[in-house]
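Note sheet for the following structure.
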Amino acid sequence: MRLSRYFMPTLREAPADAQIVSHQLMLRAGLIRQEAAGIYAWLPLGLKVLKKIEQIVREEMDRAGAIEVLLPTLQLADLWRESGRYDDYGDEMLRIKDRHDRDLLYGPTAEEVITEIFRAFVKSYKDLPKNLYNIQWKFRDERRPRFGVMRGREFLMKDAYSFDIDEAAARKSYNRMFLAYLNIYARLGLKAIPVKADPGPIGGDLSHEFIILADTGESEVFAHGDLVEMGAPGPDIDWDGDLEPLVTQRSRLYAASDEMHDAARFEAEVPEAKRMTARGIEVGHIFYFGEKYSKPMKALVTGPDGKDAPIHGGSYGVGVSRLVGGIIEASHDDAGIIWPDAVAPFGVAVVNLRVGDAACDEVSERAYKALGEFGKEPLYDDRDDRPGAKFASLDLVGIPWQLIVGPKGVAEGVVEIKRRATGERQTLPLEAALKVIAE
RNA sequence: CGGAGUGUGGCUCAGUCUGGUAGAGCACCGCGUUCGGGACGCGGGGGUCGCAGGUUCAAAUCCUGCCACUCCGACCA
């Protein structure tokens with residue numbers, strides 16, 4: 001992409017409305033534009049990042065055996081009356097009437113819809129287990145939206161729903177999601193901690209929140225240090241095998257967010273040297289809810305004994321749009337965003353310091369073309385602007401590499417490459433520089 | 001929803017107390033000089049001062065109502 005033809009409206013100063021660093025940087029780097037409280041337009045750069053995160057989430061869901069569907073944003077109120085949640089949900093649910101005066105709502109989540117679909121088609125235990133997921137915009141009319149996309153009213157969420165014959169089978173589905181989530185965050189370049197969450201009225205221990213570490217995060221986490229070092233299990237585990245050891249290896253270690261924290265237990269269970277206190281952001285939540293929806297909505301399957309029974313369900317959410325802010329909170333410096341390679345909107349910026357100079361233009365064009373062929377998604381800064389302005393805006397938007405073409409270097413047959421994350425620079429002949437960036 | 005605050009060119013803000021010709025910096029347009037970390041000079045364009053009433057000879061400024069947005073609290077991917 002040629003920057004002169006692109007749409008990347010950066011701001012030198014942060015709008016006064018933005019309080020936290022990710023929100024400020026998202027506005028300054030031209031990722032989003034606020035249209036109303038908690039409602040944002042996604043501009044080209046922001047959309048690219050959002051799509052990349054979405055794709056990583058999708059790939060890891062697929063790998064773990066989940067199947068993608070696309071559910072509507074608008075849902076029928078009658079479905080929610082069946083589950084009993086229509087009246088419970090309160091003012092957070094955006095209620096709408098259509099021209100026939102029918103009650104609709106903009107979905108804040110999709111347990112009812114997915115249960116309705118499931119019960120329409122699945123009748124036998126032989127068709128279980130199933131896990132269906134959906135990456136779709138949700139709306140929750142928060143009393144107080146804030147922090148940019150971290151707590152918007154409209155947000156993109158991946159929500160998966162598992163269906164199993166009994167609790168033991170549901171636990172296996174839960175384990176798959178537990179591990180898939182760790183893989184997602186690892187691929188996004190994040191350190192994530194699964195913490196036990198309030199299981200709610202269902203009880204049991206099958207509810208975890210996933211918190212990514214960021215110094216500016218809003219919640220405090222207390223955890224066993226090994227939990228972070230252990231990291232994600234990786235993609236090559238046997239997804240159909242027994243995942244329980246991998247899960248318990250992690251879930252038995254102490255981890256709690258501030259509201260669930262028990263200082264006495266923390267000190268008793270975790271040796272002093274391993275006690276970790278950090279700040280973080282909740283970016284995922286998984287839980288098992290048994291027959292909560294299948295019973296009232298009559299999502300029944302016939303078991304091996306010939307009797308019908310409600311399926312055991314679980315649901316698994318990832319805040320996709322929130323992750324954009326979360327990644328920035330975890331990865332930025334004074335100059336701007338530092339995108340992990342996996343989600344960067346462009347892989348490399350070709351910085352032509354002297355647009356109009358025949359030699360600089362020629363080398364820049366060559367680099368741009370080659371990097372495109374390597375699949376590095378180059379952004380060619382061909383703006384007729386001063387070097388300082390180019391560096392500042394490219395640092396701000398966080399492109400992982402800069403390949404800098406200046407008149408002095410070109411005269412000597414070299415270019416410079418700079419790594420955004422470390423500031424590390426190398427001066428090399430073009431071919432060698434391309435090789436480094438192409439890895 | 002309770003409490004606090006803010007609305008003035010695209011952005012950051014001054015001007016409001018004490019009513020009297022709407023301002024600055026950045027951004028934008030033109031010309032020129034510049035050109036390795038957000039340049040400089042000269043010239044220029046752009047604002048129903050959130051909206052609606054009211055007071056007044058005169059309202060960004062005072063009064064009333066409304067709206068929007070932000071922050072603090074209780075809830076949440």
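Throughout, a chain's letter reflects where its sequence line sits, starting with A, and its residues are numbered from 1.
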**Message:** If I take atom NE2 in residue A/H285 and atom C1' in nucleotide B/rC76, what distance separates them, rounded to the nearest angstrom?
**Reply:** 10 Å
**Asked** Out of A/V113, A/I135, A/I114, which residue meets the side chain to side chain contact (heavy atoms under 4.5 Å, CB included) rule with A/V69?
**Response** A/I114
**Message:** Quick check, does A/F391 stack with B/rG38? I mean ring centres under 5.5 Å and planes off by under 30°.
**Reply:** no
**First encountered from the 5' end of RNA chain B, between A/G284 and A/K418** = A/K418
**Request:** Take atom CG of A/L27 and atom C1' of B/rG10, then tell me their distance rounded to the nearest Å.
**Result:** 13 Å
**Prompt:** When rounded to the nearest Å, what value does the distance between P atoms of B/rC11 and B/rA27 take?
**Reply:** 15 Å
**Complete:** Judged by nearest nucleotide, the residue sitting upstream toward the 5' end of RNA chain B, A/D395 or A/D91, is A/D91
**Message:** Give me the distance, rounded to whole Å, that separates B/rG38 from B/rG53 when you measure between the P atoms they each carry.
**Reply:** 50 Å
**Asked** Taking the inter-plane angle between the rings of A/Y40 and A/H23 on a 0 to 90° scale, is it parallel (under 30°), tilted (30 to 60°) or perpendicular (over 60°)?
**Response** perpendicular
**Request:** Please test A/E329 against A/I281 for side chain to side chain contact (heavy atoms under 4.5 Å, CB included), starting from the C-alpha separation and ending with a verdict.
**Result:** CA-CA 9 Å; A/E329 291 290 332; A/I281 299 159; 3.6 Å; yes
**Prompt:** A/R143 has a side chain; which of B/rC69, B/rA74, B/rC35 sits nearest to it?
**Reply:** B/rA74
**Request:** Please determine, by modelled atom types, if A/D381 and A/Q402 share a side-chain donor-acceptor pair under 3.5 angstrom.
**Result:** no
**Request:** Pull out every residue in residues 32-49 of chain A that has a heavy atom closer than 4.0 Å to any atom of RNA chain B, ordered by number, or say none.
**Result:** A/Q34, A/A36, A/A37
**Complete:** Quick note, A/R146 side chain, CB onward, closest among B/rC75, B/rA77, B/rC11 is B/rC75
**Prompt:** Does A/R144 put a side-chain nitrogen or oxygen below 4.0 Å from OP1 or OP2 of B/rC75?
**Reply:** no
**Message:** For the P atoms, the ones on B/rC17 and on B/rG7, what distance do you get once it is rounded to whole angstrom?
**Reply:** 14 Å
**Message:** What's the gap between B/rC51 and B/rU8 when it is taken at their P atoms, as a whole Å value?
**Reply:** 10 Å
**Message:** Checking base pairs now: Watson-Crick or wobble, both atom distances under 3.5 Å. What partners B/rU6?
**Reply:** B/rA68
**Message:** Applying the Watson-Crick and G-U wobble criteria at under 3.5 Å, what pairs with B/rA39? Answer none if nothing qualifies.
**Reply:** B/rU33
**Message:** Which residues in residues 52-61 of chain A have a heavy atom closer than 4.0 Å to any atom of RNA chain B?
**Reply:** none
**Prompt:** Is there a side-chain contact between A/L104 and A/L76 (heavy atoms, below 4.5 Å)?
**Reply:** yes
**Asked** Hey, are A/S162 and A/R176 close enough side-chain-wise for a donor-acceptor pair under 3.5 Å?
**Response** no
**Item:** Check: A/Y288 ring centroid to A/Y174 ring centroid under 6.0 Å
**Value:** no
**Item:** Distance, C1' atom - from B/rA52 to B/rA59, rounded to whole angstrom
**Value:** 15 Å
**Message:** For A/E111 and A/S315, which I'm curious about, is there any donor-acceptor pair between the side chains at under 3.5 Å?
**Reply:** yes
**Prompt:** When we call it a touch if two heavy atoms are under 4.0 Å apart, what does A/G148 touch: a base, just sugar-phosphate, or nothing?
**Reply:** nothing
**Prompt:** Atom CG in A/D164, atom NE2 in A/H312: separation rounded to 0.5 Å?
**Reply:** 9.0 Å
**Prompt:** When we call it a touch if two heavy atoms are under 4.0 Å apart, what does A/A335 touch: a base, just sugar-phosphate, or nothing?
**Reply:** nothing
**Asked** Across the strands shown, which category fits A/L396 at heavy-atom distances under 4.0 angstrom: base, sugar-phosphate, nothing?
**Response** base
**Message:** For a quick check, with a 4.0 angstrom heavy-atom cut-off, what is the B/S/- contact string for nucleotides 22-34 of chain B, read 5' to 3'?
**Reply:** ---BSS------B
**Prompt:** Is there side-chain contact between A/R383 and A/K390, with heavy atoms separated by less than 4.5 Å?
**Reply:** yes
**Who pairs with B/rG73 - Watson-Crick or G-U, where each distance is under 3.5 Å** = B/rC1
**Message:** Under a plain distance cut-off of 3.5 Å, with no hydrogens placed, do A/Y293 and A/R85 share a side-chain donor-acceptor pair?
**Reply:** yes
**Request:** Would you kindly give the CZ-to-C1' distance between A/R151 and B/rC75, to the nearest whole Å?
**Result:** 8 Å
**Item:** B/rA39 to B/rU18 separation - C1' atoms, rounded to the nearest Å
**Value:** 42 Å
**Asked** Rounded to the Å, how far apart are A/E218 CD and B/rC75 C1'?
**Response** 12 Å
**Request:** Counting Watson-Crick and G-U wobble pairs only, both distances under 3.5 Å, name the nucleotide matched with B/rG25, or none.
**Result:** B/rC11
**Message:** We want to know whether A/Y6 and A/D382 form a side-chain donor-acceptor pair, criterion being a heavy-atom distance below 3.5 angstrom.
**Reply:** no
**Item:** Lys/Arg cation over aromatic A/W401: A/R419, 6.0 Å, 45° cone
**Value:** yes
**Rounded distance (Å) that lies between atom P of B/rC76 and atom CZ of A/F210** = 18 Å
**Asked** More than 12 non-hydrogen atoms from neighbouring residues, nucleotides or ligands closer than 6.0 Å to CG on A/D215, yes or no?
**Response** no
**Asked** How would you label the contact of A/R28 with the nucleic acid (heavy atoms, under 4.0 Å): base, sugar-phosphate, or nothing?
**Response** base
**Item:** Same-atom distance (P) from B/rU6 to B/rU64, integer angstrom
**Value:** 15 Å
**Span that lies between the C1' atom of B/rA22 and that of B/rG3, in whole angstrom** = 34 Å
**d(CD, A/E142; P, B/rU70) in whole Å** = 12 Å
**Asked** Which whole-number value in Å describes the distance from A/E329 CD to B/rA77 P?
**Response** 18 Å
**Message:** Rounded to whole Å, please give me the gap between CZ in A/F155 and C1' in B/rC76.
**Reply:** 9 Å
